[in-house]
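Inspection log for the structure reproduced underneath, given as structure tokens.
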Amino acid sequence: MNVKRTLSILEITVGFILICFALYLDVSGSEHSMRGTILTAGALLVILGVYCIPTRKHRAIVNVLFLFPLVFAFAVTVLVPFALGIFYSFTNWTGIRFTEFVGLDNYIRMFRSRDYVYSFVITFIFTVFNMFLVNLAAFSLALLCTSNVRGKNFYRAAFFLPNLIGGIVLGYVWQFIFNKVFTSIFAGSASMLTDPNLALLAILMVSTWQYAGYIMMIYVTGLQSVPKDILEASGVDGANRWITLFKIKMPMMANTFTVCIFLTLVNSFKQFDLNLAITNGAPSRILGLKPVSSTEFMALNIYKTAIAKNEYALGQTKAVVFFVILAIVSLTQVYISKKKEVEM
């Protein structure tokens, strides 16, 4: 037992040494061709040593090892980039390297930026209206698809179909419809995308049309989960359809409303692809004697700051604040909705 434990500890130690050496070669800029092999060998030795070490909690160790690839991938693709993003927001990062720390300068520039403040306001307005319209349309469609109407399975598929189309493709298709089809049908009328207020309405229309079918399927599941014996008892007591809907069905599917409102909130706040494809932030609006992009939501503003203007540090700063705002708003919504569930 002691020999096996000693060998396991030796394997883990050698593995960590190889990993540290491979990372040193990478950080130092070495072009050694065996860096990847050394890193892989070190990781395998560590995993083998942990797996073979004798302990009463061997099953727990095995479970952790099987979860490790997923946890490692999540850490590398999400946690580490997020931590680095926060770090880069305090530097003059160019997307490749940084030369100095600038403290809170990027945050000060961000809040002094007229276009960023406007994009936050317009995103908030879009989110409120889009949440309401998508959930209203989705719940109405769900009621239709759970009624006794003929062909309801066909309706479910037809209403869900727009959600399967990619946002970029969908945006360009609707851009053509707004610019060519509608202006031809209503001869002499200007495209909705040329008016700052109507352009926002156009994005709302497309977003509702695309996303309502997906949310509808969740509402359908919620409606079907209401116990039939309760509905039958309400019918015996003389409750009509409206009383049954508002007093029985909706309270009993409160958790469904929580999920749907959360999904539409997050999706609306992160809206990017339709915004890019339909208007790309246009048309301009004069705000304080200076032009701003009237339909440029926060995600598109971050993208343009980093990619179009090559201000990666400022773009990363906006992304960090965007995450914080979205987390606060979404968690607050879930908290309030959960309290409503208990009350109902």
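Excluded from the calculations below are hydrogen atoms, water molecules and symmetry mates; all remaining heavy atoms, backbone and side chain alike, are included. In this text, all values refer to a predicted model and were calculated from it rather than measured experimentally.
The aromatic rings of Tyr155 and Phe159 sit parallel to each other, their planes meeting at less than 30°, with 60° as the upper class boundary. The aromatic rings of Trp93 and Tyr88 sit parallel, their planes meeting at an angle under 30°, below the 60° perpendicular limit. Ring geometry for Tyr303 versus Phe272: interplanar angle over 60°, hence perpendicular rather than tilted (30 to 60°).
Judged by distance alone, with hydrogens and angles left aside, the side-chain atoms of Arg156 form a donor-acceptor pair with the main-chain N or O of Cys145 at under 3.5 Å. Although no hydrogens or angles enter the test, the distance criterion places no donor-acceptor pair under 3.5 Å between the side chain of Ser268 and the main chain of Leu265. Listed for the Asn275 side chain is no donor-acceptor partner under 3.5 Å among the backbone atoms of Glu296. In this structure, the side chain of Thr221 engages the main chain of Met217 through a donor-acceptor pair within 3.5 Å. Looking only at distances, a side-chain donor or acceptor of Asn106 sits under 3.5 Å from a matching main-chain atom of Ser89. Between the side chain of Asn179 and the backbone N or O of Gln175 there is at least one donor-acceptor pair closer than 3.5 Å. Between the side chain of Thr295 and the backbone N or O of Gly281, at least one donor-acceptor pair lies under 3.5 Å. Of the possible polar contacts, one joining the Thr94 side chain to the Arg97 backbone as a donor-acceptor pair under 3.5 Å is found. A donor-acceptor contact shorter than 3.5 Å is absent between the side chain of Thr317 and the backbone of Tyr107. At distances below 3.5 Å, not a single donor-acceptor pair connects side-chain atoms of Tyr211 with backbone N or O atoms of Val134.
Ring centers of Phe322 and Phe120: at least 6.0 Å apart, outside the cut-off. A ring-centre distance under 6.0 Å is not found for Phe129 and Phe132. Side-chain rings of Phe297 and Phe269 stay apart, their centers remaining 6.0 Å or farther from each other. In this structure, Phe101 has its ring center no closer than 6.0 Å to that of Phe90.
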Verify side-chain contact (heavy atoms from CB on, under 4.5 Å) between Glu11 and Val46, making sure each step is shown before the conclusion. CA-CA 6 Å; Glu11 289 174 348; Val46 171; over 6 Å; no
Criterion salt bridge (Lys or Arg N to Asp or Glu O under 4.0 Å) on Arg112 and Asp105, from CA distance to verdict: CA-CA 11 Å; Arg112 287 180 177 176; Asp105 286 357; over 6 Å; no
Trp174 vs Leu170, test: side-chain contact (heavy atoms from CB on, under 4.5 Å). Steps then yes/no. CA-CA 6 Å; Trp174 274 95; Leu170 194 67; 3.9 Å; yes
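Looking only at side-chain heavy atoms (C-beta outward), Thr208 and Met205 stay at 4.5 Å or farther from each other. Side-chain contact between Gln271 and Thr123 is absent, with no heavy atoms from C-beta onward closer than 4.5 Å. Contact check for Leu45 versus Ile12: no side-chain heavy atoms found under the 4.5 Å cut-off.
Paired with Glu311 under the rule salt bridge (Lys or Arg N to Asp or Glu O under 4.0 Å), one option of Arg109, Lys318, Lys304 passes, and it is Arg109.
Under 3.5 Å, the side chains of Gln210 and Asn163 contain no donor-acceptor pair of N or O atoms. Inspection of the Asn135 and Thr264 side chains reveals an N or O donor paired with an N or O acceptor under 3.5 Å. Side-chain atoms of Ser293 and Asp115 include no donor-acceptor pair closer than 3.5 Å.
Heavy atoms of other residues, nucleotides or ligands lying less than 6.0 angstrom from CZ of Arg241 number 12 at most. At most 12 heavy atoms of other shown residues, nucleotides or ligands fall within 6.0 angstrom of atom CZ in Phe16. The environment of Lys180 atom NZ is sparse: at most 12 non-hydrogen atoms of other residues, nucleotides or ligands sit within 6.0 angstrom. Enclosure of atom CZ in Phe182 by more than 12 non-hydrogen atoms of other residues, nucleotides or ligands within 6.0 angstrom is indicated.
When the side chains of ILVMFWY residues are joined at heavy-atom separations under 4.5 Å, either directly or via intervening members, Leu164 and Leu141 end up in a single hydrophobic cluster. Cluster annotation: Ile165 is not connected to Ile168 through the hydrophobic network of ILVMFWY side chains, with a link wherever side-chain heavy atoms come within less than 4.5 Å. Cluster membership for Met252 and Val236, using ILVMFWY side-chain heavy atoms within less than 4.5 angstrom, is not shared. Side-chain heavy atoms closer than 4.5 Å link hydrophobic residues (I, L, V, M, F, W, Y) into clusters, and following such links, even through other members, never connects Val14 to Leu48. Residues Phe323 and Ile328 share a single hydrophobic cluster, defined by chaining ILVMFWY side chains whose heavy atoms lie under 4.5 Å apart.
Closest approach of Phe139 to Met250, counting heavy atoms only: CZ-CG, 4.0 Å.
Taking CG of Leu84 as the start and CD of Gln316 as the end, the distance is 9.0 Å to the nearest 0.5 Å.
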